[in-house]
Amino acid sequence: MSRITTDTCILCPNGCELEIHWVKGETGVRVMEVIGHRCPRGVEYGTEEVVAPKRTVTTTLRVIGGIRPLVSVRTASPIPKKKIADCLAELRQTTVQAPVCRGDKILENTARSGVAVVATRSVACRSEVRCNR
Amino acid sequence: MGEGLIMSEHPKDVVVIGGGPAGLAAAAGAQEEGARVLLIERNEELGGILNQCIHDGFGLYSFGEALTGPEFAARYIERVCTGNAEIMLNTLVTSLNEKLEMVYSRRGERRFVRGRSVVLAMGCRERTRGMIRIPGDRGAGVYTAGTAQYLINEANIMVGRNVVILGSGDVGLIMARRLTWEGANVIAVLEKLPYHCGLTRNVKQCLEDYSIPLYLSHTVSRIHGRGRVEAVTVTRVDRDGRSIPGAEFSLECDTLLCSVGLIPENELSRKAGVVLDARTGGAVVGADLMTEIPGLFSCGNVLHIHDVADLAAIEGEQAGRNAARYAAGGNARIPSEEMALVKAGRGVRYVMPQRAPIRGEGLRCLFRVSEPGADRSITVLAGKEKILEKGGRKVHPAEMIHVDIPRYRIADGESLEVRVE
Amino acid sequence: MSESAKTDPSIWDVVIVGAGVVGAAIARRLSRLDLNFAVVEKHWDVGEGASCRNSGVLHSGIYYAPNSLRSKLCMAGRELFEDWCHELGVPVRTPGKLVVAQDPRELPKLDVLERQGEANGVSGLRRLSGSEIEDLQPGIKAVAALHVPSAGIVTPYAATIAFAEDAAIHGVRFFLGRELQWATVEHGIFRLGTSQGEMRSRWLINAAGVHSDAVARNLDPDVPTVYPCRGEYLVLDKTAGERLKMLVYPVPPTREGGLGIHVSPTVEGNVLAGPSAEYGFEAEDHACTEFVGERLIREARAYWPGIVQEQVIGAYAGVRAKLSPPEVGGARDFHIRESKRARGLVNLIGLESPALTAAPAIAELVVDEMIGARERLEPKEEGVLPSYRWPPRFDDLPEDEKRRRVEQTADHGEIVCRCEGVTRYEVLRALKNPLGVKTLAGLKYRTRLTMGRCGGSYCLPRIVSILQEECGWNPEQFVLKDAQSPLFAGWVKG
């Protein structure tokens, strides 16, 4: 049976209004058509949104011995939406030792998504704390 | 400037006040034009507001990538640091005058410095609960969304557990998701207009993904809680923002975040005598981003509130380059007889720049519409003559629009006008 | 915050209940004498009732019937208040006042005020015409005005804190966060039940403001009733203050019970519009309403058309302790009397305007005349006299003095509050206040932090970091006023 989902593409500020036509068969959800995009990435996005939606997770981690208490981090690429809660829970338990450099890989693979978590900012050591690096 | 003041070395070519996206780009641009640059930043690191914007979506225009705020800032910080710009951190400029003399203050030092040209890039501040006069008690737990964002993302401090957000601008929407991701219960987002103010994609990613209700045409009519916030009374409002009687309900909460507008921070500019535009809250500038004071340029959120940091940075770079040229003796002021007004016509809330040369090539106008609409026509007139028309545009006040005018000429006493119908 | 929970076993000579401006003034007066005394205050800081919620106007005495206690104490207080502030370093200004008639029908009321003022000995009163008003204070719409040159302004919370901290330096014990719950008298000694244990005293000074009737009724049923009457204010940006140099009042409304909605400049350069006057609210209901907020702008605009909505940066409310009920309106005279039923109990009830102005004179009345009638008042032998000064604001200093101080003391170079120009040095100094107050409101009133147009967006993060660095605070320790007003909900990440 054919279904239609309307959605707003989030890949760039244009925010194209997409219409995604899909069916649910025995093998899973299959996208028939995407309308309303202004660039090819919109088709990809619309398809993914219905079949396996993904999001980039950005949050902070506790830093020990740094000039600031937190470092901002991100998933290196979008992860499945349904893994966000696990990813956040995992990161809540994670602390890092200063110094942290922007781009440092904090976790190899968060919530078994295959995607790494990297630091998006650098945090230097507090001067009275001895650094190992 | 006052007696007994010590000048801090010889005058700089270009002094940039503010090290956020616009200021960083201005410093980079000025430096690349060969100017000696001094960049003054009040925080302990460069980056401005970008440092607390840990979400992604920056850099889509400029770099074709979805970067987080700090990553976007890093691109410009690297550019600035490869040159020999002097950077003063933890330093606040406390005054500025029309001779481009500034007093700055930092630990152990209070001096004055002069620039051959100065770029204002101080950004903006948030409208507060007090300014919009939300009635009720004045307990703890009322924060502006940006302050809450700083506390959560940089100071590691949780502002509350059960949160109502007033205002559907991007900051409020981003904070709804951020708070949810940190374990708070975001009860609702309220918006007094009949449409949301932030980008549509943020409504989706931040509210719909988490089933956070968005109440359009609603506002907070009273805050309850003498010690700490306990509840807010929510009312439906009409088009003019007036409460509709009998349409009230209460939401229990311990925190109210106000995301109700940004105000360009022009206190320094005002004291220097810069002419400000009441509609933008920022300086009146020409196409080169110079204010009415010779050598004083303005860019970024202090000039007009941007929604996309990329555009603020692009504007900053333009201002920085022009400031460098001015300092080098070129790019002289265009006499006012050769400048015309750029008007905000029907359907347009404001246009930038407010002044343009009467004869020009390649003028970019940035503007915002007053009301959302689908299928609108954007028209630019030079005097009474239509010189540009674009139809079928979907427009929204929350999204700044630009038009590039290729070549134009205005007769004496006439002006340029942008209309949306 | 407050003293330790240990009960003081000895009998105090004097206990003052209520550390508003009047209680603090009495404490200051007493502090120079060789007596053993304490102040009990239920809030975590002084002045949290009406004392920090008024216009800060020092009245010259035109409003009160001659020979009333109010008028005598106000006239005496007007000069004494300036003397006290001068000794302590609290700034007082004398911008003068214009009472304006917007309509010829109001002229007889101006006459009444003029005559009353003259009878009370107010100097310099002058009637002005339209163009003369414009010369003194541009932008006012009026047909005539009464010029009262001696009207003054002070920052009321500064004065209250200065009086109290000065008293504390001179040996008065302040028990903050301690509420009086019951009181009895046994063999001429008062037994006071407080939230932190019992106290005993020979004199009990009831300066409990809007709760003074309830306090008194513990011991004496024959005291007048307090009718709480709330007044709301709007605070305007300093850009408004640049255009208003004098106090401007309308002719007072007859029944309402206030002096009318006026506009007054503050010492710091803001403008206050208000207060309103509404009965029927609880004693500590300091909420602001939409209805009154609109009214304040509307009524002020009638004589000051230049007032603009965009200049509003905040609102607050105070509750007056009125002795006249709503059906009567107006205001009754101060009730400052020793109780006939309970000797040694001095009740100060119904101290609404001009109690701020009168506070030092009230202190002299209570101490020198009432207590002094039965006690020997000996000056304390203090040896080296400790001195107390309300510190001048860094932002008010001339530029070369600022530079000098910054070079001497690095902490003065770090500006923590951008709107009000408060430096790190000032914040650290305020944290070490003699009363031991460590609330955000306490810091606010001592430094002006968070009182500027940005409402604390710039300074709150900086204060948080300073308090973490200097005092090692956790998020839970940051409170606005007391344990019921925590600012935060813990760390984000442990």
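What's counted below: heavy atoms across the whole structure, side chains too, no hydrogens, waters or symmetry copies. Sequence lines set the chain letters: A, B, ... in the order given, protein chains first and strands last, and positions in each chain run from 1.
- Using a 4.5 Å cut-off on side-chain heavy atoms (C-beta onward), C:Arg453 and B:Thr128 make no contact.
- The two residues B:Arg107 and C:Asp411 make their nearest non-hydrogen contact at NH1-OD1, 2.5 Å.
- In terms of non-hydrogen atom pairs under 4.5 Å with chain C, the most contact-rich of B:Asn90, B:Ile152, B:Thr144, B:Leu151 is B:Ile152.
- Between chain B and the residues C:Asp285, C:Thr409, C:Leu234, C:Val479, the largest count of heavy-atom pairs under 4.5 Å involves C:Asp285.
- Atom CZ of B:Arg236 has 12 or fewer heavy atoms from other residues, nucleotides or ligands within 6.0 Å.
- Not a single donor-acceptor pair under 3.5 Å links the side chain of B:Arg110 to the backbone N or O of C:Arg404.
- Counting heavy atoms of neighbouring residues, nucleotides and ligands inside a 6.0 Å radius, atom CZ of B:Phe249 exceeds 12 of them.
- A side-chain donor-acceptor contact under 3.5 Å links B:Arg161 to the backbone of C:Ala489.
- Residue B:Lys192 qualifies as open at atom NZ: its count of foreign heavy atoms under 6.0 Å is 12 or below.
- Side chain of B:Asn156 to backbone of C:Lys493: a donor-acceptor contact under 3.5 angstrom is found.
- Across every non-hydrogen atom of B:Ala140 and C:Pro486, the tightest pair is CB-O, 3.4 Å.
- With a 4.5 Å cut-off on side-chain heavy atoms, C:Tyr458 and B:Leu92 count as touching.
- Nearest heavy-atom pair across B:Gly227 and C:Ser485 is O-CB, 3.1 Å.
- Looking at heavy atoms from C-beta onward, B:Arg222 lies in side-chain contact with C:Thr289 at the 4.5 angstrom threshold.
- Taken to the nearest 0.5 Å, the CZ atom of B:Arg125 stands 7.0 Å off from the SG atom of C:Cys454.
- Contacts of B:Ser243 with chain C are absent, with no heavy-atom separation under 4.5 Å from either backbone or side chain.
- Note that the CD1 atom of C:Ile313 and the CD1 atom of B:Ile132 stand 14.5 Å from one another [nearest 0.5 Å].
- For chain B, the option among C:Ala410, C:Gly456, C:Pro398 with the highest count of heavy-atom pairs below 4.5 Å is C:Ala410.
- Ion pairing between C:Arg403 and B:Glu109 fails under the 4.0 Å rule for side-chain N and carboxylate O.
- Note that the CZ atom of B:Arg42 and the CZ atom of C:Arg418 stand 5.0 Å from one another [nearest 0.5 Å].
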Using side-chain contact (heavy atoms from CB on, under 4.5 Å), reason through B:Tyr143 and C:Leu460 one step at a time and then give a plain yes or no. CA-CA 10 Å; B:Tyr143 291 99; C:Leu460 185 63; 3.6 Å; yes
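- Taking 4.5 Å as the heavy-atom cut-off, the residues of residues 253-276 of chain B that approach chain C are B:Glu265, B:Glu267, B:Arg270, ordered by number.
- Per-residue counts of heavy-atom pairs under 4.5 Å with chain C were compared for B:Arg226, B:Arg127, B:Arg138; the largest is that of B:Arg226.
- Taking a 6.0 Å sphere around CD of C:Glu470, one finds it holds more than 12 heavy atoms contributed by other residues, nucleotides or ligands.
- Here C:Glu290 does not pair with B:Arg242 in a salt bridge; the nearest charged N to carboxylate O distance is not below 4.0 Å.
- By number of non-hydrogen pairs under 4.5 angstrom with chain B, the leading residue of C:Val406, C:Leu440, C:Val464 is C:Val406.
- Note: C:Phe488 CZ to B:Ile157 CD1 = 4.5 Å, rounded to the nearest 0.5 Å.
- Taking both residues in full, the closest heavy atoms of B:Arg228 and C:Leu487 are given as NH1-O, 2.8 Å, listed atom of the first, atom of the second, then distance.
- Going from atom OG of B:Ser105 over to atom NZ of C:Lys402 covers 9.0 Å, rounded to the nearest 0.5 Å.
- Residues C:Trp491 and B:Ala155 come closest through the heavy atom pair CZ3-O, 4.2 Å.
- Heavy atoms only, all atoms of each residue included: C:Leu480 and B:Gly139 are closest at CD2-C, 4.1 Å.
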Give the intermediate values and the outcome of side-chain contact (heavy atoms from CB on, under 4.5 Å) for residues C:Gln309 and B:Arg133. CA-CA 10 Å; C:Gln309 181 96 281; B:Arg133 291 196 292 116; 3.1 Å; yes
